[in-house]
Amino acid sequence: MNNTQPKRHGLSKSRILLHRQCPKRLWLKVYRPELEEIDDGSQSRFATGVHVGEIARRLFPEGVLVDGDDLGQAISDTQAILAGEKRPVFEATFQSGGVLVRADLLLPAKNGYRMVEVKQSASVKDYHLADAAIQSWVARQAKLPLASVEIAHIDSSFVYPGGGDYRGLFRYADISEPVAAMEAEVPGWVSAARETLSGEEPRIAPGAQCETPFECPFFGYCSSPASAEDGYPPEILPYGGALAAILRGDGYTDLRDVPEGRLGNIKHRRVWRVTRSGQAELDPEAGKLIAALPYPRYYIDFETINPAVPVWAGTRPYMQVPFQWSCHVETANGAMSHRAFLATRADFSRKA
DNA sequence: CGAGGCAATATGAGCTCTTG
DNA sequence: CAAGAGCTCATATTGCCTCG
């Protein structure tokens, strides 16, 4: 009997979800966390998610937050708040069967509470359902009366009026039905995750689960050094994922070894030629086209920003807002002049 | 049966950086 | 110290249907 290990590792909702994506991912997260490679992209999405959650809470000023790192304390705080006058609760914490969850929002309703998960996405995604199912399963076990289970996602048609007024930023989607249908599966997910954690490192070959639904930070560890060649894998072919898979199946691990006859697409052939020769190819037609352009010639470049939570009045979530441009002007005599703009003020977007 | 057209789907580029 | 897991726009490819 080896039941001390599983007890040491409580299961949070996120751990069960990791296990659903890949048992090995959960195992590594718990026993070999130092192998995790976290990139900037997921780091910043993460930060955006926190910001979005914070905005969602601000919309319910009468709400009370269950904070602190002490989860046992959070659970008893939650019970104390729920025993009092009914009002919105943020980060309400529940535990059942060794599984711990925290609900982003609990909103008072006629028959109990609406349990709302806040997501920075612009629509309800399939993987949100499993997430919510774990949440509601635990909450129900903990005897919380649930009026509904909902996802609050960003409404990308929302236009920010300014002044910190974010009413309407979120759309509340009721997913009570699909979640109720899924709840029966939750105990199975929990015991499967336990089982994985009480065993040795699972042997699972890299595959589609490495990216779906989320990119795995242990991919570098799982993919063997042999396949991480620094040559020219067939995958560099643009829009060539399907073809690359076929070529790999036929044993080609380097584009340069592939016979030209296997490539039909004209762009694939160009990539193949350049990769083999190591010589850049210049299309003479492109040169002719450029030589024929009239003067003055304008060379323009600009930069944009697209925050999930709109910052400037009149903009929408995820709207690309330019804030800088630069333009070189070349005249017939070869003289080059430059004009540029960089926004430094809060109302900058219009001018840029 | 194949060309052509349209729609659905895939891919790539470019962008976010906190709070309790 | 742990949470969460995004979007838009443009373009390319693929899949399916229709019609000659």
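Keep in mind the model is a prediction, meaning the values are calculated, not measured. Sequence lines set the chain letters: A, B, ... in the order given, protein chains first and strands last, and positions in each chain run from 1.
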Classify the side chain of A/R15 and the base of C/dA2 as holding, or not holding, a donor-acceptor pair under 3.5 Å. no
What is the separation between atom [atom1] on [X] and atom [atom2] on [N], rounded to the nearest whole Å?
| X | N | atom1 | atom2 | answer |
| --- | --- | --- | --- | --- |
| A/R102 | C/dG4 | CZ | C1' | 15 Å |
| A/I266 | C/dA12 | CD1 | P | 13 Å |
| A/D131 | C/dG4 | CG | C1' | 9 Å |
| A/I151 | C/dG6 | CD1 | C1' | 14 Å |
| A/F90 | C/dA2 | CZ | P | 24 Å |
| A/K13 | C/dA5 | NZ | C1' | 11 Å |
| A/K125 | C/dG4 | NZ | P | 16 Å |
| A/H153 | C/dC7 | NE2 | P | 10 Å |

For nucleotides 9-20 of chain B, give me one character per nucleotide, 5' to 3': B if any protein heavy atom sits under 4.0 Å from the base, S if the only such contacts are to the sugar-phosphate, - if neither. --BS-BBBBBSB
At under 4.0 Å between heavy atoms, how does the protein contact nucleotides 1-8 of chain B? Give one character per nucleotide, 5' to 3', with B, S or -. --------
Once you apply a heavy-atom cut-off of 4.0 Å, does A/R25 come out as touching a base, just sugar-phosphate, or nothing? base
Taking any heavy-atom pair under 4.0 Å as a contact, classify A/L18: base, sugar-phosphate, or nothing. base
When rounded to the nearest 0.5 Å, the distance separating CZ of A/R270 from OG1 of A/T275 is 12.0 Å
For a quick test of your reading: what N or O donor-acceptor pairs under 3.5 Å do the side chains of residues 291-299 of chain A make, sequence neighbours left out?
residue	atom	partner	partner atom	Å
A/Y295	OH	A/R297	NH1	3.3
A/R297	NE	A/L293	O	3.2
A/R297	NH2	A/I290	O	3.2
A/R297	NH2	A/A291	O	3.4
A/R297	NH2	A/L293	O	2.8
A/Y299	OH	A/E330	OE1	2.7

With a 3.5 Å cut-off and no angle check, do the side chains of A/T212 and A/Q21 form a donor-acceptor pair? no
Under 4.5 Å between any side-chain heavy atoms of A/V101 and A/T93, yes or no? no
Closer than 3.5 angstrom, by distance alone: can the side chain of A/Y31 be matched with the main-chain N or O of A/L197 as a donor-acceptor pair? yes
Do the side chain of A/K13 and the main chain of A/V99 share a donor and acceptor less than 3.5 angstrom apart? no
Provide the full list of side-chain hydrogen bond (donor to acceptor under 3.5 Å, both in side chains) pairs with a residue in residues 45-68 of chain A, sequence neighbours left out, each pair given once. A/E54-A/R58
Indicate yes or no: does [X] engage [Y] in a salt bridge with an N to O separation below 4.0 Å.
| X | Y | answer |
| --- | --- | --- |
| A/K119 | A/D131 | yes |
| A/E260 | A/R273 | no |
| A/R20 | A/E185 | no |

Hey, which of these two, A/R316 or A/H268, hits DNA chain C nearer its 5' end, going by closest nucleotide? A/R316
Nearest listed nucleotide, side chain of A/S14, among C/dA3, C/dC7, C/dA5: C/dA3
Should stems be defined as at least three consecutive Watson-Crick or G-U pairs with both distances under 3.5 angstrom, which of them involve DNA chain C? B:1-15 with C:6-20, B:18-20 with C:1-3
Does A/K119 have a side-chain nitrogen or oxygen under 4.0 Å from the phosphate oxygens OP1 or OP2 of C/dG6? no
Applying side chain to side chain contact (heavy atoms under 4.5 Å, CB included) between A/R25 and each of A/L18, A/I204, A/V30, report the one that passes. A/L18
Under 3.5 Å, sequence neighbours excluded: what are the donor-acceptor pairs made by side chains of residues 172-179 of chain A?
residue	atom	partner	partner atom	Å
A/D174	OD1	A/S176	N	2.8
A/D174	OD1	A/S176	OG	2.6
A/S176	OG	A/V149	N	3.0

